[in-house]
Amino acid sequence: MQDSPQYKDSIDRFCRQYLQLERDLDYPPAILLREAEVQDTLYHRIFAYESLTYPPPERYQLKVLKELITRVEASIEDWDSYGVSDDLMTALSIRLAHPLPSEFTAAQQKSYVTYTLSLLDQSDPPAPVPAQITLLESRNLISAVGTTGLRTWEAALHLGQYLTANPSIIRAKHVLELGAGTGYLSILCAKFLAATRTIASDGSDDVVDNLPENFFLNGLQGSEAIQAMDVKWGYALVGTEDEHWNSAKPIDVVLGADITYDRSVIPALVGTLDELVGMFPHVTILISATERNRETFNVFLEACEKTNFNVEEIDFKLPRRQDQRGPFYSAQVPIRICKIVK
């Protein structure tokens with residue numbers, strides 16, 4: 001059974017969604033769930049003790065495991081031929097016996113979220129462990145100072161897929177990410193896309209302070225390939241006491257994902273982009289934006305026009321949910337990837 005494409009795809013998809021803490025999981029079909037081999041695979045991959053270095057939060061584990069066992073039980077008609085795995089039942093018992101934080105407390109805590117980079121998983125035979133990025137995120141929390149940089153947003157995942165499909169954009173380049181948040185794109189560039197050097201920048205001190213923790217989770221601690229930097233939009237990059245910004249090191253590519261959602265900061269953002277182009281005339285600027293509000297995106301387009309920027313939309317379609325193999329993100333709201341040129 002393990003050699004069948006349906007078996008592998010269904011198990012892989014479910015496990016990858018689980019690691020990404022997806023709310024709506026695609027559970028394997030009943031015809032597979034009743035099989036002891038499938039239950040054993042799921043147990044050893046994601047539910048066995050210490051099977052995961054960075055497991056999901058306990059409340060999530062319990063919720064998914066309860067639903068999985070309910071579906072296994074519903075899939076069985078002949079209890080003489082099929083049954084529920086003892087290992088899965090033991091795993092459920094252990095989690096039920098363990099005291100859990102309240103929903104309020106759990107919502108305030110950071111969780112490990114692991115994104116699978118399926119476009120990098122094209123080797124034949126496939127690598128035993130797929131390419132993944134693990135981050136500490138607070139998915140239900142916006143910080144006291146209002147930053148949204150505590151989670152990875154859909155526009156970053158979509159831009160990451162575009163860069164992965166077009167690695168020459170990043171390979172051997174010096175990259176600056178604006179509004180880096182959790183650092184997903186910066187880590188992708190530094191670890192998997194062979195950037196020479198990547199700067200993960202943000203205007204929030206809390207976000208910048210948290211970035212090294214995510215570098216560590218991805219084996220980039222102490223690496224000269226990536227660094228966190230405080231960059232506040234609208235403020236001069238070169239201070240009065242500085243002769244050069246960033247020690248006069250070049251920037252070839254500027255990235256930004258979901259950084260145009262707040263119209264009040266758009267003039268400052270465009271001003272910083274203009275300053276970067278002035279310092280690095282041949283820089284490539286790529287901005288990815290989830291179009292939650294067309295008016296706000298129009299404000300960004302108008303600010304670019306006033307600064308004599310041309311905005312070229314890149315044709316990179318959102319993958320349908322059923323076609324995604326990781327990372328997973330909504331295809332219901334448009335996500336635009338734009339190249340900014342002057």
Side-chain angles (χ1 to χ4, degrees), residues 5-29 32-33 41-42 45-47 51-57 59-61 63-65 67-68 71 110-122 126-127 129-141 148-166 181-189 191-193 214 217-218 255 257-258 288-292 316-337:
Q6 182 193 24
Y7 171 93
K8 184 179 187 313
D9 183 67
S10 181
I11 298 298
D12 284 349
R13 183 179 179 82
F14 175 73
C15 292
R16 292 174 180 188
Q17 289 176 339
Y18 174 79
L19 292 175
Q20 199 180 308
L21 310 193
E22 288 292 279
R23 291 175 184 263
D24 299 317
L25 297 169
D26 295 322
Y27 289 82
L32 290 181
L33 279 182
T41 298
L42 291 174
R45 280 186 62 170
I46 58 178
F47 294 117
S51 61
L52 298 173
T53 305
Y54 302 114
R59 293 188 71 91
Y60 184 82
Q61 293 180 42
K63 173 187 171 185
V64 173
L65 191 50
E67 176 64 20
L68 176 66
R71 287 173 179 253
K110 290 183 178 180
S111 304
Y112 293 115
V113 186
T114 298
Y115 300 91
T116 301
L117 309 176
S118 61
L119 294 185
L120 292 177
D121 192 20
Q122 306 295 329
V129 179
Q132 295 176 324
I133 292 176
T134 297
L135 304 170
L136 263 177
E137 301 188 8
S138 297
R139 292 197 150 191
N140 301 310
L141 187 66
T148 56
L150 301 173
R151 62 166 297 171
T152 302
W153 297 91
E154 290 89 344
L157 300 177
H158 191 52
L159 180 54
Q161 290 292 82
Y162 173 72
L163 296 174
T164 303
N166 299 274
T182 61
Y184 175 86
L185 285 174
S186 293
I187 292 168
L188 173 67
C189 292
K191 183 170 183 177
F192 295 105
L193 300 184
N214 282 338
L217 293 177
N218 295 279
L255 304 175
D258 257 334
S288 179
T290 303
E291 194 179 296
R292 301 181 184 89
F316 188 69
K317 289 181 170 43
L318 279 168
R320 298 181 305 168
R321 174 77 180 188
Q322 61 266 36
D323 295 332
Q324 295 178 15
R325 296 296 177 267
F328 301 91
Y329 52 98
S330 173
Q332 300 302 310
V333 181
I335 301 177
R336 302 180 182 275
I337 298 178

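Worth saying up front: this structure is predicted, and the values here are computed from it rather than measured.
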| So does Glu22 pair up with Arg13, basic N to acidic O under 4.0 Å? | no
| Between Tyr18 and Phe47, is the gap from one ring center to the other below 6.0 Å? | yes
| task | Please name the pair of heavy atoms, one in Cys189 and one in Leu163, separated by the smallest distance, quoted to 0.1 Å. | result | SG-CD1, 4.4 Å
| task | Indicate yes or no for a side-chain donor-acceptor contact from Asp323 to the backbone of Pro319 under 3.5 Å, with no hydrogens or angles considered. | result | no
| field | Tyr162 OH to Leu185 CG distance, which is reported to the nearest 0.5 Å | value | 13.5 Å
| query | With a 4.5 Å heavy-atom cut-off, do Leu255 and Ser288 have their side chains touching? | reply | no
| note | Those residues at least two apart in sequence (or on a different chain) that pass salt bridge (charged side-chain N to carboxylate O under 4.0 Å, His left out) with Arg292 are Glu154, Asp258
| message | So which atom in Arg151 and which in Ser138 form the shortest heavy-atom distance, rounded to 0.1 Å? | response | CB-O, 4.2 Å
| note | Sorted by chain and residue number, the salt bridge (charged side-chain N to carboxylate O under 4.0 Å, His left out) partners of Glu291 (sequence neighbours excluded) come out as Arg294, Arg336
| request: Check salt bridge (charged side-chain N to carboxylate O under 4.0 Å, His left out) between Arg59 and all other residues, then give those that pass, not counting sequence neighbours. | output: Glu103
| With a 4.5 Å heavy-atom cut-off, do Asp26 and Gln17 have their side chains touching? | yes
| query | Would you say His158's side chain and Phe316's backbone share a donor-acceptor pair under 3.5 angstrom? | reply | yes
| said: Using every non-hydrogen atom in the two residues, find where Ser10 and Pro29 come nearest and quote the distance to one decimal. | reply: OG-CD, 3.4 Å
| message | Just verifying a value: how many Å separate Tyr54 OH and Thr114 OG1, rounded to the nearest 0.5 Å? | response | 9.0 Å
| Flag if over 12 foreign heavy atoms under 6.0 Å of CD, Gln332 | no
| With side chains defined as the heavy atoms from C-beta onward, is the minimum distance between Thr134 and Val113 less than 4.5 Å? | no
| field | Nearest heavy atoms of Phe328 and Gln20, plus distance in Å | value | O-NE2, 2.6 Å
| Distance, nearest 0.5 Å, that separates CG of Leu32 from CZ of Arg71 | 13.0 Å
| remark: Tightest non-hydrogen contact, residues Ala155 and Ile335, listed as CA-CG2, 4.0 Å
| said: I'd like to check Phe14 versus Leu25 (side-chain heavy atoms, cut-off strictly below 4.5 Å). Are they in contact? | reply: yes
| field | Nearest-0.5 Å distance, CD1 of residue Ile187 to CG of residue Asn218 | value | 4.5 Å
| Do Phe192 and Leu117 come within less than 4.5 Å of each other through their side chains, counting heavy atoms only? | yes
| query | Do the non-hydrogen side-chain atoms of Thr290 and Pro334 ever get within less than 4.5 Å of each other? | reply | no
| message | Test of understanding: with salt bridge (charged side-chain N to carboxylate O under 4.0 Å, His left out), list the residues that count as partners of Lys63, not counting sequence neighbours. | response | none
| said: Checking Arg45 now: which residues fulfil side-chain contact (heavy atoms from CB on, under 4.5 Å) with it, not counting sequence neighbours? | reply: Ile11, Asp12, Cys15, Thr41
| field | Closest heavy-atom pair and its distance - Ile46, Ser51 | value | C-OG, 3.5 Å
| request: Drop me the distance from Gln324's CD to Tyr329's OH, to the nearest 0.5 angstrom. | output: 6.0 Å
| field | Atom pair OG/CG of Ser186 and Leu193 - distance to nearest 0.5 Å | value | 11.0 Å
| query | With a 4.5 Å limit on heavy-atom distance, are the side chains of Arg321 and Ser330 in contact? | reply | no
| Test item: Pro327 and Gln161 side chains (from C-beta on) under 4.5 Å apart, heavy atoms | yes
| message | Can you list everything that forms a side-chain contact (heavy atoms from CB on, under 4.5 Å) with Thr152? Sequence neighbours excluded, please. | response | Tyr115, Leu135, Glu137, Ala156, Leu157, Thr182, Tyr184
